[in-house]
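A short write-up of the structure that comes next.
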Amino acid sequence: MANRTSVSSETAVDTAWALFCKLHDAPSRHHADQLVHWLAEDPRHVRAFDEALTLWALAGAVLVRPALDDARRRGADLQ
């Protein structure tokens, strides 16, 4: 039987994502404190948060790439 502190990696990434989105969408001391507290509970939470941030960064790159490619084709100044 799993104890209360066991954390599945999928659940941890889901929680990391939810906490990140709260902080990103509505920055507040309360949301930051929630994230910091959760990260301190278990070293696996830090890894899960890193995974969630990596996915966020990769998703952003996928969304930005077509716009950059289009701008380059048009010869737009990207500075």
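Please read these numbers as outputs of a predicted model, since none were measured by experiment. Residues take their numbers from the sequence shown, with the count starting at 1. The analysis underlying the following values was restricted to heavy atoms, covering all of them including side chains, and did not include hydrogens, waters or symmetry mates.
Taking CZ of R47 as the start and CG of L39 as the end, the distance is 12.0 Å to the nearest 0.5 Å. The CG atom of L55 lies 9.5 Å from the CG atom of D50; values are rounded to the nearest 0.5 Å.
Under the 4.5 Å side-chain heavy-atom criterion for grouping Ile, Leu, Val, Met, Phe, Trp and Tyr, V13 is not connected to V36 through any hydrophobic cluster.
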Stepwise, does the side chain to side chain contact (heavy atoms under 4.5 Å, CB included) test hold for W17 with E51?
CA-CA 9 Å; W17 182 252; E51 199 172 317; over 6 Å; no
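By the side-chain contact (heavy atoms from CB on, under 4.5 Å) test, L53 is found to be paired with F20, F49, residues two or more places apart in sequence or in another chain being considered. Listed by chain and residue number, L19, K22, H30, H31 satisfy the side-chain contact (heavy atoms from CB on, under 4.5 Å) test with Q34 (two or more places apart in sequence, or in another chain). Under the salt bridge (charged side-chain N to carboxylate O under 4.0 Å, His left out) criterion, D33 pairs with R29, not counting sequence neighbours.
Of all non-hydrogen atoms in W38 and A12, the two that sit nearest each other are CH2-O, 3.3 Å.
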